[in-house]
Number of protein chains: 2
Amino acid sequence: MKPSEQFHEIEQFLADRSIRLTLQRQHVVQRMVKREHFTAEEMVKDVQQTHPSIARGTVYRTLALLQENGLLEKHDFRQGAPHYELTHGRQHHDHLMCLQCGEIIEFHDDKLEAVQDRIIEEYGYQLVSHSHKLYGLCGVCQKKGKKTKKANAKPPKLRVMQSVE
Amino acid sequence: MKPSEQFHEIEQFLADRSIRLTLQRQHVVQRMVKREHFTAEEMVKDVQQTHPSIARGTVYRTLALLQENGLLEKHDFRQGAPHYELTHGRQHHDHLMCLQCGEIIEFHDDKLEAVQDRIIEEYGYQLVSHSHKLYGLCGVCQKKGKKTKKANAKPPKLRVMQSVE
DNA sequence: TCCCACTTGAGACTGAGTCTAAGGAAGAAG
DNA sequence: CTTCTTCCTTAGACTCAGTCTCAAGTGGGA
């Protein structure tokens, strides 16, 4: 979906709910549709570059507003501040991240979702959302790792990852 | 595993790697083995209750030390500060959290892990770790929610505001 | 015993996010 | 149109979690 299309969908979505899309909010959303992932502070800087008069608080409030209405998702990756991404009109997906180079892959798997639904049900919960993140090394970094192996005298990490079959 | 057992295992683990378990660190670990999940600040308060002379910095440094050595895992839940939990000798598990009351349930599912392994393989990644969190409403909060349901069924009204672009 | 690296306490500092007061639009009512 | 009311915004102070620095303390090995 093109940025402008996405913008108009969001515009419509908010209008349908009589949520004001003020000029300031428009500017923020305009920046957002042009990006995949971004942090709150990145967005503040980004918006202030072209509109210095827009306050930090306004950007944060807009982020919160969109989140409340399910248009925006917040992702806590391990390092740094949480990232945001627009979800409207996009299929749900989870993330796979390379710990070395930081590459983020989005994936979707029906089976995974199904298993999840079953688990939730077992506990009598009503699912609102979920966050599923896989951390590892991408193909490229695996090869690099072998060559440029760090001389870290530290003992191997005790990470027990349950492996099946 | 009993707290005291867990403490001794950790003691041993560190000794094997010639990592000093100073008095201050002992106090921190002592508190940790008595808890399931905790935030860094909770741990600071907890430790300072009985040992007021132990500094914030020391607690944070101890947390970092245990993390580096794979004894402690950090979990970013959506609200508030990240939680920590000791992992040594415990089975891997994922988390299910109630957004209303904050209850955290630990679960483990072989099928889920299997599906995950398959996905990772598809992308040529080597899995290091993962974080899988489900957010929802527990049975109790679902019932509560129905009573105090907000009247948010506003009639769709379109407000036209000046448009950017 | 002395040395030196490791560890600590205290407190300043930082980054991210929240809150508040006062002023500014926008729709509603008259 | 004018006034009212409500929502929204700016600016900046504030909070919270976490990090950094530095002088002082500790402790194990030569």
So what is the end-to-end bend of the helix from C:dT1-D:dA30 to C:dG30-D:dC1, with 5 pairs used at each end and the value given to 10 degrees?
10°

Taking the side chain from B:Glu36 and the backbone from B:Glu85, do they hold a donor-acceptor pair closer than 3.5 Å?
no

Could you state the atom-to-atom distance from CD of A:Gln26 to P of D:dC8 in whole Å?
14 Å

At less than 4.0 Å, is any side-chain N or O atom of A:Gln24 found next to OP1 or OP2 of C:dA25? Yes or no.
no

From CG of A:Leu21 across to C1' of D:dC8 the rounded distance in Å is 13 Å

Atom CD of A:Glu68 to atom P of D:dC7: distance rounded to whole Å?
14 Å

What is the separation between atom CG on B:Asp76 and atom P on C:dG17, rounded to the nearest whole Å?
12 Å

Indicate the atoms forming the closest heavy-atom contact of A:Asp76 with A:Lys133, along with that distance.
O-NZ, 3.8 Å

Partner residues of A:Arg61 under the side-chain hydrogen bond (donor to acceptor under 3.5 Å, both in side chains) criterion, sequence neighbours left out:
A:Thr58

Distance check needed: D:dT9 P versus A:Leu63 CG, whole Å only.
13 Å

Nearest-Å distance for atom pair NE2/P, residues B:His51 and C:dT7:
19 Å

Partner residues of B:Thr22 under the side chain to side chain contact (heavy atoms under 4.5 Å, CB included) criterion, sequence neighbours left out
B:Arg20, B:Gln24, B:Arg25

For the pair made of CG in B:Leu14 and P in C:dC6, what is the distance, rounded to whole Å?
16 Å

I'd like to check the side-chain hydrogen bond (donor to acceptor under 3.5 Å, both in side chains) partners of B:Glu9; sequence neighbours left out, ordered by chain and number.
B:His88

Applying side chain to side chain contact (heavy atoms under 4.5 Å, CB included) to B:Lys74 and not counting sequence neighbours gives B:Gln67, B:Pro82, B:Tyr84

What residues form a side-chain hydrogen bond (donor to acceptor under 3.5 Å, both in side chains) with A:Gln126, not counting sequence neighbours?
none

Qualifying residues under side chain to side chain contact (heavy atoms under 4.5 Å, CB included), relative to B:Gln6, sequence neighbours excluded:
B:Met1, B:Ile10, B:Val33, B:Leu86, B:Arg90

I need the full list of ring-ring contact (aromatic ring centres under 6.0 Å, His included) pairs touching residues 101-125 of chain A, with sequence neighbours left out, sorted by first then second residue.
none

Taking only residues two or more places apart in sequence, or in another chain, which ones meet B:His95 in a ring-ring contact (aromatic ring centres under 6.0 Å, His included)?
B:His37, B:His75, B:Phe77, B:His93

Across the strands shown, which category fits A:Thr58 at heavy-atom distances under 4.0 angstrom: base, sugar-phosphate, nothing?
base

Identify all pairs in which a protein N or O lies below 3.5 Å from an N or O of nucleotides 3-5 of chain D, and state each distance.
none

So, OP1 or OP2 of C:dA26: does either fall under 4.0 Å of a side-chain N or O from A:Thr22?
no

Counting primed atoms, P, OP1 and OP2 as sugar-phosphate and everything else as base, the B/S/- map of nucleotides 16-27 of chain D against protein heavy atoms under 4.0 Å is -SBB-B------

side-chain hydrogen bond (donor to acceptor under 3.5 Å, both in side chains) involving A:Ser129 - partner list, sequence neighbours excluded:
B:Arg78

Whole-Å distance separating the CD1 atom of A:Ile54 from the P atom of D:dC8:
15 Å

